[in-house]
There are 2 protein chains.
Amino acid sequence: MSTMQEVAAKAGVSKATVSRVLSGKGYVSQETKDQVFKAIEEAGYRPNLLARNLATSKSMCIGLVVTNTLYNGHYFSELISQAAKKLDANGRQLILVDGKHSAEEEQDAIQFLHDLRCDGIIIYPRFLSVDEMDLLIDKYKKPVMVVNRKLRKHQSHCIYCDHKGSSFNATQALIERGHRDIAFITGSMDSPTAIERLSGYRDALTASGIPVKESLIVPGKWSPASGAAAVETLLASGQPFSALLASNDEMAIGAMKQLNTAGIGVPAQVSVIGFDNIPTAPFLIPALSSVKDPVSDMISEVINQIIAMLDGGYLSEQNHFSSDLILRDSVIDGPYKTRQ
Amino acid sequence: MSTMQEVAAKAGVSKATVSRVLSGKGYVSQETKDQVFKAIEEAGYRPNLLARNLATSKSMCIGLVVTNTLYNGHYFSELISQAAKKLDANGRQLILVDGKHSAEEEQDAIQFLHDLRCDGIIIYPRFLSVDEMDLLIDKYKKPVMVVNRKLRKHQSHCIYCDHKGSSFNATQALIERGHRDIAFITGSMDSPTAIERLSGYRDALTASGIPVKESLIVPGKWSPASGAAAVETLLASGQPFSALLASNDEMAIGAMKQLNTAGIGVPAQVSVIGFDNIPTAPFLIPALSSVKDPVSDMISEVINQIIAMLDGGYLSEQNHFSSDLILRDSVIDGPYKTRQ
DNA sequence: TTGTAAGCGTTATCAC
DNA sequence: GTGATAACGCTTACAA
């Protein structure tokens, strides 16, 4: 690999001049500029970014920590590709680091990005608690932003979605359509998102004066198979229900399959709503209603914030987003005769 | 940020000694080791990886270039997360760079990784031709591996899947079950994968002495919506068919929806097979058969190869994988009465 | 307008 | 065992 020194020699100038030509900073005569460009061309020169970053203590890279266990493929790919696209539009690169399977490993990933002198760090946490993250933000000088959690202390360092409110709305939509016996499939309960969605469901029922029946709440683990299993549990319990809210679309799909297997028509006998609005959902028969998680908007805003912190631009006040409830024909109007 | 120099001062030793302690190379007395570790602890010292990488001209990072337009969320996430996991297991980090929307931008992405002095580069190409990539491999000294293409010159620098053979097998499976009128939905025809899948279909028909009817081949663009549109085209043409091979699962799902909308039962009247085996597929009603793309195995093997080139380990001879045909109850046995 | 030289924070080769 | 010191390739005052 040819170095700046070699280019300088070829062009008959000093390193400093070559550096000036490349950075566009400082005065260089057109004549020498031409010579330098010619020399660069001839030498096939490429700047060594490690050296540049070391000298400037900047990297033009933003790190993203996310666990590879994020189940939903569509959600994950939207997160990553949106981040890459948006950063790229700002002349920066994305460095993706696996948060693996524990809070400690998530910490390590962040540490690594810091050691690499990334200009900023984005965390899509799976295991770290909000308090741990508040501490981390104190610890690091560089901008750190957290997606999908509401921090206690550093409110401007996080962007989150009101999962509880979204779930509340979805449940309420079912109630308004005449449903009273609404079953609920949870996500993995070690996930705050899962907890919030469940809690929105409970609150909506309570708000409408409908008692919460614990036997209508069954645990799932985000996967289609766990959604199917949940329906089996539900049917075995004998509790009647006319609607079903699943904590994500994948489980909703599994649940629908199981309902059909049991000879129960969707939506004729049970209305179903999921979360995340995966793109295959509208093509299922019958179409699945869904609550669309604003992951794209959130990651986009997080990057806006980081760039603002870095380049000193405008810092937005908005740090939370809400989800759109997309009702398709899997939800039909009441009055409802609850299926036995 | 504290530096190695500061740690050295605190411990009353020289930089060199601290470096030795950290790298574990060279002799250091237990006593000084302890002092150094204590100083590191006190200072909260963390090595600057930029400086280290510059000095060693190694980075322990592997770059991956992939376009954000890769439609299928599940496929994309499997690719990325498998790469991150596998590299991590080898003590290396993944750097993801967006290949964006053209061959030129894919080249830029590769150049960037090279400028960052990544130890190796993985390309999941979307726009670059095999010849361009053969040139790139000559150009760069560091290991470069290509996934999902068969290179002409550097055969050991690529890992690919026999899409044509997989498609041939899927088509043959339908023929063996008594189908003769098999429709085909293509992918975007600017993708080699799409071309190979179509060509496997054609060959299988020909091999069985069944004439290829061009009106049974309709274009799709990988998305569920395009699959649905393709079925409309197919039905409008009036050509009868008893089976349908879609170039991916997403289109197959869209196609099934459209068939059902038209009152055509799957599999009662039409057997359907897709590609990629997305996880929600087995939960669709009726279950979708699929050809599973070995993306995990391919990326895994690519990383093995890169590590072998780097650390001088064993280089495997296997550079192609085949796909498993997963037949579910969306394909039923003949003899078939072709639907009119 | 250009050159000199001192960093940036490591590693690695020598001596001692 | 340990300490100087020269790289690594670039940026950036400060001179000229």
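Residue numbers start from 1 in every chain, and the chains themselves are labelled A, B, ... in the order their sequence lines are given, proteins ahead of strands.
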Nearest-Å distance for atom pair [atom1]/[atom2], residues [X] and [N]:
X	N	atom1	atom2	result
E31(A)	dT2(C)	CD	P	8 Å
L54(B)	dG7(C)	CG	P	17 Å
R52(B)	dG9(D)	CZ	P	18 Å
N53(B)	dC8(D)	CG	P	16 Å
Q5(B)	dG3(D)	CD	C1'	12 Å
M1(B)	dG9(C)	CE	P	9 Å
N48(A)	dT10(C)	CG	P	17 Å
L50(B)	dT11(C)	CG	C1'	15 Å

Nearest-nucleotide pick for [X], side chain only, options being [options]:
X	options	result
P47(B)	dG9(D), dT10(C), dC14(D)	dT10(C)
T32(A)	dC10(D), dG3(C), dT1(C)	dT1(C)
A55(B)	dT10(C), dT4(C), dG3(D)	dT10(C)
T3(B)	dC10(D), dG9(C), dT13(C)	dG9(C)
T56(B)	dA6(C), dA12(C), dT2(D)	dA12(C)
K15(A)	dC8(D), dG3(C), dA6(C)	dA6(C)

Point to revise | Residues E78(B), H74(B); criterion side chain to side chain donor-acceptor pair (under 3.5 Å); working and verdict | key: CA-CA 6 Å; E78(B) 194 153 320; H74(B) 174 253; 3.0 Å; yes
**Study point:** D134(A) and H157(A) side chains, donor-acceptor separation under 3.5 Å
**Key:** no
Review point. Quick one: do the H154(B) and D138(B) side chains pair a donor with an acceptor below 3.5 Å?
Key: yes
Review point. Is the base of dG9(C) touched by the side chain of R46(B) through a donor-acceptor pair closer than 3.5 angstrom?
Key: no
Check your understanding: Within the modelled atom types, does a donor on one side and an acceptor on the other bring the side chain of K25(A) and the base of dT12(D) under 3.5 Å apart?
Key -> no
Report yes if a side-chain nitrogen or oxygen of [X] is closer than 4.0 Å to either non-bridging phosphate oxygen (OP1 or OP2) of [N]; otherwise report no.
X	N	result
Y45(A)	dC10(D)	yes
S19(A)	dT12(D)	no
T17(B)	dG3(D)	yes
S57(A)	dC8(C)	no

Practice item. Starting at NZ of K86(A), measure out to CD1 of I306(A) and round the result to the nearest 0.5 Å. Key: 12.0 Å
Review point. In terms of side-chain geometry, is the basic nitrogen of D115(A) or R46(B) positioned less than 4.0 Å from the acidic oxygen of its partner?
Key: yes
**Study point:** side chain to side chain donor-acceptor pair (under 3.5 Å) between S191(B) and S188(B), worked out
**Key:** CA-CA 6 Å; S191(B) 138; S188(B) 300; over 6 Å; no
Check your understanding: What does S23(A) touch in the nucleic acid at a heavy-atom separation under 4.0 angstrom: a base, only the sugar-phosphate, or nothing?
Key -> nothing
Exercise for review: Would you indicate what R117(A) reaches in the nucleic acid, counting non-hydrogen atoms under 4.0 angstrom: base, sugar-phosphate, or nothing?
Suggested key: nothing
Revision key, fill the gap. The answer to which of S29(B) and A51(B) contacts DNA chain D further toward the 5' end, by nearest nucleotide, is S29(B)
